[in-house]
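Working notes for the structure below.
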Amino acid sequence: MTAAAFGAVAETPSPPRRRAWMRSEEARGLAMVSPTFLYALALLFLPVLIVIAYSFWTQNYLDIDRTFTLENYRQALTEPIYRDLFVRSLWISLTVSIVTVVFSYPVAWFISFHGGVHKNLWLFLVTVPCWTSYLLRVMSWKIILGYGGVMNTGLISMGLIDKPVTSLLYNSNAVVITLVHSWAAFAILPIYVSLQKVDRTLIEAARDLGDSRVRAFFRVTLPLSLPGVISAFLIVMIPTVGDYVTPRLVGGKDGVMIATAIQAQFGKGANWPLGAALSVTTMILVSLAAAAVVLALKFTVRRIK
Amino acid sequence: MSDRAMIQIEKVSKFYGIYMALDDVSLSIGEGEFFSLLGPSGCGKTTLLRSIAGFETPTAGEIYIDGVPSLALPPNKRPTNMVFQSYAIFPHLDVAENVAYGLKRLKLSPEEEKKRVGDALDMVRLSGLGQRKAHELSGGQRQRVALARALVMRPKVLLLDEPLSALDKKLREEMQVELRTLQKAVGITFILVTHDQYEALALSDRIAVMFGGRIAQIASPKEIYQRPRTRKVADFLGGMNFLNAKVLGEQANAVSVDAARFGAVNLVKPQGFAAASGHVTVGIRPERLRLLWDDDRAPHELTGRIENRAYFGEVTHLTVGIDGLEQPLSMVETNNFGADDLPVGAEIRLAYDPDAFVLLAEDPPVSRV
């Protein structure tokens, strides 16, 4: 019945009706959003579709065999090397997002609650590191963590160690440290925004009803700022899973992540379908991991009464 | 209501930088008393209330709650609970969880907690709404949740920060009656902050009128309305006709003055009265002036001319010019006899009672830095 009604409207679009629609809020809204929408469609949605399509095909030397196959996924999910890389990538990005959120929350809290009239200055200072190139920021960690780096010379001059420590750089810890630093600003901002929205009277009400400062924080401030924590988590977790530059520069052979393997398949390996299958698997895994984390966070906070 | 003091405020001052929000305030509030802090915005009434709750720390002085010096105590250690102006209902909790919020700390058994929450919701007539979320409640219901959440803690003092100001007039009047009934039922000391003089008059056992961080007068509603101490207090609590009068003579308890066209009037002499210049301000409330019709006769009469008329439904406000008076008089007349039909410019006669005049002291100069 609905279909029939739609059909009738579509077949005989009475001119005055169409003109009315052209002037409606909805039409104007769609017109406004259409350039961005088309841009996103062309540059985000289509490439993803192409990648998905490739993941079901086979590389035949220089040609692509377009018959449907799940062989690439079989390789991606069963080859031990890829399994290790997936586990490590997820593990690193999970660690990075947890550490980033844990370190960023106090900063955001301080700016929101004690920033006074200088809130904007504080936020500006938080974003200052992002003004230099991402590559430079990663390179600077090489200087800090390297064999003759700031960290080692500092520790030696303080007399804490005799000879430079080699375990600082070229492993997954170095990747975690570097990524946490790179993404801190992106976690601080959403948490700050959600803390700004917390009605301060609610915290007073909690104090009035007998809560200490700490209890009021855990029972009121934290649950109400959860949306910010979740977005910070996602903003950090999703891009770090597929990060390529940082593991490449500071990760050494222990810090290799899945992006390196994907790059190899699209490059030297010249097996685009396998690279595409690895990409799609990464996307699915990170979505599942993110969903699990979001649900876990919501569940934990809801239990605080 | 007993004579025992529940709250004692001693010489409390509060500075924000060089701005003085409270200026040497002292007062005592009895156990089970319904006490109102009344004044215009910025008079310090909310600062005083928040100092009692523990959200503001006065710069000087001490506040005793049930005999305990409390300034050093944080809000969670004080036997007070507050109903916030915005109600501050926790949006992530439902009604029952909001009411139970403060009880969690007491580690009651689940049955005991449920019973106390149920009783509190019954008390504010919200039974059955326990599962609603804050955003599903109307303004009046939010107000009741805030009340239940505070009362369930069985505080010694309940602090109310303009709790009715966000409600529409009809609901506000309903809630006033309910608040008064509730206070009588629970017998807890209530301290209400309001800028609505009718609310303060209707609800309170005693009212403190505040201006510029100071208390101008503390008295019962009737006394504060009928015997305001200063011109500002008189003005804040409703209409008042002010007249400049010359002092004729002083006795032990009375002062006689020459109130222009009203003739010689004897007034109750306030404590510490001193007429510096031989001139004083006297006042008479608009409703104490009465319109005389046709053959009505009164011992004290004046004639005048209607300069302005405003219709208010049950009453009409008249502005009457009288020869020999600098300011026209305002008066309030019920519409039972046709005061609303009097044309502007009409000559009228009015009656007054010389005993209805009050002698008003000069307001202290505003000493805010």
Side-chain angles (χ1 to χ4, degrees), chain A residues 101 105 108-109 112-119 190-234 293-305, chain B residues 46 49-50 52-56 73-94 96-108 110 113 117 120 133-135 142 145-155 157-163 166:
Chain A
V101 167
Y105 199 101
W109 183 86
S112 177
F113 281 77
H114 299 283
V117 291
H118 300 302
K119 282 197 176 87
I191 297 174
Y192 167 80
V193 169
S194 68
L195 282 172
Q196 277 300 95
K197 280 195 255 167
V198 174
D199 182 357
R200 303 303 193 255
T201 332
L202 295 175
I203 298 162
E204 285 191 344
R207 300 273 285 135
D208 188 63
L209 291 165
D211 276 0
S212 63
R213 276 173 201 281
V214 177
R215 274 181 69 91
F217 170 79
F218 281 108
R219 294 178 77 191
V220 177
T221 316
L222 186 59
L224 291 177
S225 62
L226 192 63
V229 171
I230 289 176
S231 23
F233 212 96
L234 297 180
V293 167
V294 169
L295 287 178
L297 270 177
K298 282 196 165 171
F299 181 74
T300 318
V301 166
R302 202 168 299 152
R303 286 181 60 90
I304 308 171
K305 282 281 156 72
Chain B
T46 298
L49 192 81
R50 289 173 58 84
I52 298 171
F55 296 123
E56 303 281 351
L73 297 177
N76 49 324
K77 302 270 188 236
R78 299 190 187 196
T80 58
N81 281 111
M82 186 142 161
V83 174
F84 291 85
Q85 187 171 11
S86 59
Y87 311 143
I89 307 295
F90 300 119
H92 57 304
L93 304 177
D94 66 26
E97 288 166 346
N98 260 285
V99 176
Y101 190 95
L103 295 177
K104 295 287 175 202
R105 184 179 39 108
L106 306 179
K107 302 258 183 286
L108 305 170
E113 184 186 297
V117 170
K133 284 267 184 171
H135 63 87
R142 281 157 170 264
V145 174
L147 260 174
R149 189 176 67 181
L151 285 173
V152 79
M153 302 304 294
R154 298 178 184 161
V157 182
L158 185 73
L159 307 168
L160 302 119
D161 185 9
E162 309 225 11

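All chains are named by letter (A, B, ...) in the order of the sequence lines, taking the proteins before the strands, and each is independently numbered beginning at 1.
Heavy atoms closer than 4.5 Å to chain B are found in both the backbone and the side chain of L202(A). Heavy atoms closer than 4.5 Å to chain A are found in both the backbone and the side chain of M82(B). Contact annotation for F84(B): only side-chain heavy atoms (C-beta onward) come within less than 4.5 Å of a heavy atom of chain A. For chain A, no part of R78(B) is nearby; none of its heavy atoms comes within less than 4.5 Å.
With chain A as partner, the option from I89(B), N81(B), L103(B) having the largest number of non-hydrogen pairs under 4.5 angstrom is N81(B).
In terms of heavy-atom proximity, R105(B) sits nearest to G210(A) at CD-O, 3.1 Å. Between Y101(B) and A216(A) the shortest heavy-atom distance is OH-CA, 4.5 Å.
For R213(A), the CZ atom is loosely surrounded, since the number of other residues' heavy atoms within 6.0 Å does not exceed 12.
Counting heavy atoms from C-beta on, the side chains of T201(A) and F55(B) never come closer than 4.5 Å. A heavy-atom distance below 4.5 Å is found between the side chains of R207(A) and P74(B).
Atom OG of S86(B) and atom CD of E204(A) lie 9.0 Å apart (nearest 0.5 Å). In this structure, CG on D211(A) lies 12.0 Å from NZ on K104(B), to the nearest 0.5 angstrom.
At least one donor-acceptor pair closer than 3.5 Å links the side chain of H92(B) to the backbone N or O of R219(A).
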